[in-house]
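Notes to accompany the following structure.
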Amino acid sequence: MFKISVSTTFDAAHFLKDYDGKCANLHGHTWRVEAEVEGQTTNDLGLLIDFGMIKDYLKDITSRLDHKLLNDVLQVNPTAENIARYIFKELKAKLIVYPEIKLCSVKVWESPNNAATYME
Ligand SMILES: Nc1nc2c(c(=O)[nH]1)N=C([C@H](O)[C@H](O)COP(=O)(O)OP(=O)(O)OP(=O)(O)O)CN2
Ligand SMILES: [Zn+2]
């Protein structure tokens with residue numbers, strides 16, 4: 001079994017609806033996203049899947065979020081948990097063309113200390 005992970009970042013604003021505290025106010029983060037995938041075998045080059053392929057998919061997804069107000073993009077409160085789930089679902093749909101690759105998790109950091117992970 002092999003597991004690889006790929007990270008990227010994007011910048012976006014959000015506020016937490018119905019939140020009792022400062023995060024109810026409009027503010028921004030540099031969000032860090034890490035996707036982890038696994039599979040049983042490598043190809044002739046020794047790659048489970050090219051890091052660059054996952055990075056391109058992640059960039060495609062996060063470009064829809066970059067420099068946006070996340071409340072306008074997501075249908076749900078844009079918590080780190082909900083953003084991780086959104087990116088997971090989108091990335092899973094892209095990886096359908098690689099049946100041998102399983103998407104394990106997507107982790108989203110709101111700050112260096114705070115992160116949420118979504119997995120199925
Ligand atoms: N489980 C979650 N809890 C919180 C989330 C979240 O997405 N999931 N989000 C927030 C806010 O978005 C907020 O930006 C985070 O605030 P805070 O934890 O206070 O982080 P700071 O970087 O501002 O920390 P300081 O120590 O105050 O600098 C809140 N909770
Ligand atoms: Zn926040």
Side-chain angles (χ1 to χ4, degrees):
M1 173 73 74
F2 299 93
K3 200 176 259 194
I4 65 166
S5 59
V6 176
S7 300
T8 189
T9 61
F10 67 95
D11 299 296
H14 76 158
F15 61 88
L16 297 189
K17 191 168 169 287
D18 300 328
Y19 184 85
D20 184 18
K22 65 180 181 179
C23 300
N25 301 323
L26 179 63
H27 64 282
H29 299 283
T30 295
W31 303 84
R32 179 177 173 81
V33 179
E34 180 188 85
E36 201 171 62
V37 302
E38 69 180 24
Q40 291 290 348
T41 54
T42 56
N43 63 17
D44 292 345
L45 295 177
L47 309 178
L48 175 64
I49 183 172
D50 198 313
F51 291 140
M53 191 66 73
I54 304 293
K55 188 181 78 177
D56 288 349
Y57 287 148
L58 274 182
K59 280 283 175 201
D60 185 48
I61 297 163
T62 58
S63 68
R64 295 177 224 151
L65 308 174
D66 191 41
H67 286 77
K68 297 277 170 55
L69 175 57
L70 298 176
N71 301 70
D72 290 343
V73 182
L74 274 71
Q75 308 294 315
V76 291
N77 222 9
T79 60
E81 289 90 332
N82 282 334
I83 295 164
R85 179 173 56 185
Y86 171 82
I87 294 171
F88 185 102
K89 299 277 187 197
E90 296 290 318
L91 184 56
K92 187 179 174 186
K94 289 181 182 294
L95 289 173
I96 207 110
V97 292
Y98 298 99
E100 70 281 11
I101 302 288
K102 177 178 182 266
L103 179 58
C104 305
S105 63
V106 168
K107 186 168 185 175
V108 169
W109 282 264
E110 202 179 64
S111 72
N113 300 323
N114 301 334
T117 302
Y118 182 79
M119 60 189 85
E120 293 181 340

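Each ligand, and each atom within it, is numbered from 1 in the order the structure gives.
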Atoms in ligand 1 with a heavy atom of [X] nearer than 4.0 Å:
X	answer
C23	10 (C), 11 (C), 12 (O), 13 (C), 14 (O), 15 (C), 16 (O), 29 (C)
T79	7 (O)
K22	19 (O), 23 (O), 25 (P), 27 (O)
N114	18 (O), 20 (O)
H27	12 (O), 13 (C), 14 (O)
A80	6 (C), 7 (O)
L16	9 (N), 10 (C), 11 (C), 12 (O)

- Item | Residues, nucleotides or ligands: over 12 heavy atoms within 6.0 Å of N43 CG |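 Atom CG in N43 is crowded, with more than 12 foreign heavy atoms closer than 6.0 Å.
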- Query: How about Q75: does its CD atom have over 12 heavy atoms from other parts shown lying under 6.0 Å from it?
  - Reply: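 No.
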- Item | Vertex the Zn ion (ligand 2), rays to NE2 in H29 and NE2 in H14 - rounded to 10° | 110°
- Item | Closest protein heavy atom (residue, atom, distance) for atom 9 (N) of ligand 1 |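 Answer, as residue, atom name and distance: E110 OE2, 3.2 Å.
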- Task: Around atom 22 (O) of ligand 1, find the nearest protein heavy atom and jot down its residue, atom name and distance.
- Result: S111 CB, 4.3 Å
- Task: May I ask which of H29, H14, E81 has a heavy atom nearer to atom 6 (C) of ligand 1 than the others do?
- Result: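 Ranked by closest heavy atom to atom 6 (C) of ligand 1, first place is E81.
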- Of all the heavy-atom pairs spanning K3 and C104, show the shortest one and how long it is. CE-SG, 3.9 Å
- Task: Could you tell me whether atom 19 (O) of ligand 1 has at least one protein heavy atom nearer than 4.0 Å?
- Result: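 Protein heavy atom within 4.0 Å of atom 19 (O) of ligand 1: present.
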- Would a 4.0 Å cut-off, counted as strictly less than, catch a protein heavy atom around atom 4 (C) of ligand 1? no
- Query: CZ of F10 to CZ of R64: how many Å apart, nearest 0.5 Å?
  - Reply: 11.5 Å
- N113, portion touching ligand 1 at heavy-atom distance under 4.0 Å: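 Within the 4.0 Å criterion, N113 makes no contact with ligand 1.
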Test item: [X] side-chain N/O and [Y] main-chain N/O as donor-acceptor pair under 3.5 Å:
X	Y	value
N71	H14	no
D11	H67	no
W31	A12	yes

- Under 30°, 30 to 60°, or over 60°: which ring-plane class applies to F88 and Y118, parallel, tilted or perpendicular?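 If you compare the ring of F88 with that of Y118, the planes turn out perpendicular.
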- List the steps and the verdict of side chain to side chain contact (heavy atoms under 4.5 Å, CB included) for L65 and Y86. CA-CA 11 Å; L65 308 174; Y86 171 82; 3.9 Å; yes
- Message: In this structure, does ligand 1 have an atom that sits under 4.0 Å from one of the heavy atoms of Y19?
- Response: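 Yes, that is the case, since the closest heavy atom of the residue is under 4.0 Å from the ligand.
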- Message: Can you tell whether the side chains of D60 and K94 come within less than 4.0 Å, N to carboxylate O?
- Response: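 Between K94 and D60 there is a salt bridge, with a charged N closer than 4.0 Å to a carboxylate O.
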